[in-house]
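Heads up, the thing below is written out as structure tokens.
Order of appearance sets the numbers: ligands from 1, and atoms from 1 within every ligand.
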Amino acid sequence: METPPAAAIRARNASKLFLDGAVVAFRQLDLEVRTQEILCIVGPSGCGKTTFLRCIAGLIDLSAGDILVAGKAVSGPPDSVAMVFQHFGLLPWKTVYQNAAFGLAMAGASRETIRDRVGHYLDLAGLSGFEQHYPYQLSGGMQQRVGLVRALAINPAILLMDEPFAALDAQTREILQNELLELMERPDERKTMVFITHSIDEAILLGDRVAVMTARPGRLKEVIEMPFGRPRDPEAVRSDPRFAELRAHIWHQLHTAPKRAAKTREVA
Ligand SMILES: Nc1ncnc2c1ncn2[C@@H]1O[C@H](COP(=O)(O)OP(=O)(O)OP(=O)(O)O)[C@@H](O)[C@H]1O
Ligand SMILES: [Mg+2]
């Protein structure tokens, strides 16, 4: 079997400035995402998390430095990367099936491939029977599952998740966290994942490592290795005494960012 490169994503001295440098989204970021790990990123609002994901996805260019995906510098959207957005990003005039098939169809996949792959993930996501429904006929949790199915169906090596569960109620969010953990622990479904969240609990629960960013301009403050193995039992993790210790530590890291940026801090 071919051994994948150790680092799936490597940001080197990466900076992104907007408005001719008036806004620095993040500065001199050095970060490595290991192959098939789940790296969660937490950081105050406005510290450049979404911008960083968009740079990895090749949707916007860096101002300085570079980002390597599978060893190659990103210049335009890499084939191996899919992104899941906070607000579902579904097309309201398309059915569940058409939305889920959208990425594959854009990539020029055959009808059979689309049917097989979309069918497989709709089934895993518990959406069989809803293929002909429209997004407005679904709950928020179901809509987010369609967004995830659309990303998974293209079989990306790397999944970029931008606060995918933020718009959901606490209970639905917990259900989807558990489902995602279960899915990522299947050997044939495991991916490299960068997962942005404002929830410290979610980061600890899902992540192999948690990266903490400072307030804008975003810099990397610390990357913390999670001590929980895989497969992971969410209930066991939540009740582990180390969970509370990690939560307190990350909270402290987030709340000791430089004072001048404190007004943009929204992480509780
Ligand atoms: N296209 C743009 N033009 C100008 N400024 C931008 C643009 N996109 C983002 N920014 C700025 O870059 C900074 C980082 O934004 P970004 O959306 O990456 O933050 P974030 O960490 O994802 O925040 P949140 O947690 O609120 O989602 C912000 O100050 C934002 O105003
Ligand atoms: Mg964001």
Side-chain angles (χ1 to χ4, degrees), residues 9 11-31 33 38-67 69 74-77 81-90 140 143-144 147-148 151 158-168 170 173 176-177 180 193-207 209-224 247 250-251 253-268:
I9 304 168
R12 297 187 303 199
N13 212 12
S15 303
K16 178 64 186 178
L17 286 61
F18 289 110
L19 309 174
D20 292 329
V23 175
V24 182
F26 55 84
R27 196 194 287 280
Q28 293 168 341
L29 212 63
D30 279 296
L31 180 66
V33 187
I38 300 179
L39 178 81
C40 292
I41 301 180
V42 293
S45 187
C47 75
K49 303 179 299 295
T50 295
T51 306
F52 182 53
L53 275 202
R54 290 169 61 80
C55 289
I56 299 173
L59 299 174
I60 50 175
D61 293 331
L62 286 172
S63 307
D66 53 20
I67 294 178
V69 167
V74 173
S75 60
V81 174
M83 191 154 166
V84 176
F85 302 92
Q86 174 174 354
H87 293 293
F88 317 144
L90 301 181
Q143 292 185 53
Q144 193 51 286
L148 191 57
I158 297 173
L159 201 53
L160 305 175
M161 310 272 268
D162 191 7
E163 300 192 51
F165 304 151
L168 306 174
R173 184 172 187 151
L176 287 199
Q177 288 168 351
L180 185 68
M193 194 157 93
V194 184
F195 190 106
I196 290 176
T197 176
H198 271 98
S199 159
I200 298 175
D201 288 19
E202 185 167 77
I204 300 171
L205 180 71
L206 299 178
R209 294 186 302 155
V210 175
V212 182
M213 285 177 71
T214 62
R216 188 162 60 84
R219 282 173 183 270
L220 205 55
K221 190 155 193 198
E222 191 186 7
V223 183
I224 309 157
R247 182 206 268 155
I250 294 170
W251 193 91
Q253 287 292 63
L254 283 168
H255 289 257
T256 51
K259 280 208 164 45
R260 62 191 165 75
K263 64 177 187 301
T264 63
R265 209 171 297 143
E266 281 176 13
V267 176

Under the criterion side-chain contact (heavy atoms from CB on, under 4.5 Å), which of V42, T197, I200 is the partner of V210?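 For V210, the side-chain contact (heavy atoms from CB on, under 4.5 Å) check succeeds only for V42.
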Less than 2.8 Å away from the Mg ion (ligand 2), how many protein N/O/S atoms can be counted, ignoring water?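 Every protein N, O or S atom under 2.8 Å from the Mg ion (ligand 2) counted, the figure is 1.
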Among F52, F18, F26, whose heavy atom sits nearest atom 7 (C) of ligand 1?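 Considering heavy atoms of F52, F18, F26, the nearest to atom 7 (C) of ligand 1 sits in F18.
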Counting only heavy atoms, tell me which of G48, A215, S45 gets closest to atom 24 (P) of ligand 1. S45
Of all the heavy-atom pairs spanning Q28 and S15, show the shortest one and how long it is. N-OG, 2.9 Å
[X] heavy atoms, cut-off 4.0 Å: which ligand 1 atoms fall inside?
X    : result
T51  : 9 (C), 14 (C), 15 (O), 16 (P), 18 (O)
T50  : 17 (O), 18 (O), 20 (P), 22 (O), 27 (O)
E163 : 25 (O), 27 (O)
C47  : 19 (O), 21 (O)

Step-by-step side chain to side chain contact (heavy atoms under 4.5 Å, CB included) determination, L159 to F195: CA-CA 8 Å; L159 201 53; F195 190 106; over 6 Å; no
Check against side chain to side chain contact (heavy atoms under 4.5 Å, CB included), F26 and C55: CA-CA 11 Å; F26 55 84; C55 289; 4.1 Å; yes
Going through the checks in order, is the side chain to side chain contact (heavy atoms under 4.5 Å, CB included) test met by L31 and L39? CA-CA 10 Å; L31 180 66; L39 178 81; 3.8 Å; yes
Test your reading of the structure: does G46 have an N or O sitting under 3.5 Å from an N or O of ligand 1?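 By distance alone, the answer is yes.
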Between K16 and F18, is a side chain to side chain contact (heavy atoms under 4.5 Å, CB included) present by the stated rule, with each step listed? CA-CA 7 Å; K16 178 64 186 178; F18 289 110; 3.6 Å; yes
Salt bridge present between R247 and D201 (N-O < 4.0 angstrom): yes
Minimum side-chain heavy-atom gap F52-I41 below 4.5 Å: yes
Pairwise side-chain contact, T256 with K221, heavy-atom cut-off 4.5 Å (strictly under):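 A side-chain contact under 4.5 Å exists here.
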Close approach, K16 and ligand 1, non-hydrogen under 4.0 angstrom: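 Under 4.0 Å: no for K16.
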Tell me, yes or no, whether the heavy-atom count around R173 atom CZ, taken from other residues, nucleotides or ligands under 6.0 Å, exceeds 12.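 Enclosed: over 12 neighbouring heavy atoms sit under 6.0 Å from CZ of R173.
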